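There's a structure below that I have some questions on.
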Amino acid sequence: MWNGKKKAVTFSFDDGCRRDEDMVRILNKYGLKATFNLNSSLLGTYFLRDDNFKISPEEAKVVYKGHEIAAHTLSHPTLTKLPDDKTIAFQVEEDRLLLEKLCGDPVVGFAYPGNGDGATFDDRVVKIIREKTGIKYARTGYSTYDFDLPTDLFRLKPTVHVTDEKLIYLAEKFLALEADEPKLFYIWGHGFELDNGDGFDLSSFETFCRYIAFKDDVFYGTNRDVLL
Ligand SMILES: [Zn+2]
C-alpha cells in the first residue's frame, strides 16, 4: 500500500469544468494526482456556473491524462429524488461505461452529485450503486477534517473542501504528523469554485499544491490509487 508510505494525499474534483485544465497543469507541476468526476452527457455543454463550456468529450482523454476519470451520473440529478431504482442504476452505470469508452481505462470511482436540494445519497441509492453498477467507491460531499482512512467505500467522506479556510491549517497538521498507521489527506471541490470571488483563486490553489508536494514520506495518488 502506498509504496510503503504511511501518509497519502489525493484530490477529487467534480463536474468537468473548463478550469480543470489549469488545475491539471498545476497538479502536474507538483507531481500531484487527482480524480475528476464527470457527467458524460453534459460534457461540452454550456455551464452557467463556470460561464464557459465544459470540457468536451473529445478533450477529456487529453485534459485528464495521468489522472483518474470517474463517474458523476449522466446528467447530474439528485439521486435520492429519483423514484425508479432502474433510473438510478442507469444514471450511474451508463455514465461509467461511456466514460470508459472516452478515456480507454476502467472507470470504478463515483461522486454523488449535489444540487443544493437535499440529501445526495441514502441507503437505497448506496445499495443500488453497490449492487447494480461497476462502481467500487463513492464519494460524498461531507468533510471530516481528519485523516483517518474511510471505513465505508460507498459513503466516502473527504478531509476538507478545497476553498475551506482550514485547508492550510490541515496541511500543516498533516505534514507534521508522525503516522504509525495509514493517514489520508483527501481534498475535494470543483474547478469553478477557484474563481467565485471569495478570495480563493488559482494562485491560492498553487500555493497549497506547492506546500503539500514532494514530501518523501507522502504518497501522491488518484482516489483509486489510494483507496483500492
Ligand atoms: Zn457535481
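Quick caveat: nothing in here was measured; it's all calculated off a predicted structure. Atoms within each ligand, like the ligands themselves, are counted from 1 in listed order.
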*Can an N, O or S atom be found in H190 less than 2.8 Å away from the Zn ion (ligand 1)?*
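No, since none of the N, O or S atoms of H190 sits under 2.8 Å from the Zn ion (ligand 1).
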
*Passes side-chain hydrogen bond (donor to acceptor under 3.5 Å, both in side chains), D50 versus H190? Steps please.*
CA-CA 10 Å; D50 199 13; H190 306 77; over 6 Å; no

*asked:* Please tell me whether D225 and Y220 have a donor and an acceptor in their side chains that are separated by less than 3.5 angstrom.
replied: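 No - no donor-acceptor pair under 3.5 Å links their side chains.
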
_Ion pair R25/E21, N-O distance below 4.0 Å_ =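 Between E21 and R25 there is no salt bridge, as every charged N stays at least 4.0 Å from the carboxylate O atoms.
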
_Less than 4.0 angstrom from a charged side-chain N to a carboxylate O is my criterion; do D123 and R155 meet it?_
yes

_Quick check for you: with the Zn ion (ligand 1) as the vertex, what angle do NE2 of H76 and NE2 of H72 span, to 10°?_
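The two atoms form an angle at the metal of about 100°.
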
*Output yes if D15 passes the N/O/S-under-2.8 Å test against the Zn ion (ligand 1); output no otherwise.*
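Checking the Zn ion (ligand 1) against D15, an N, O or S atom does fall under 2.8 Å.
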
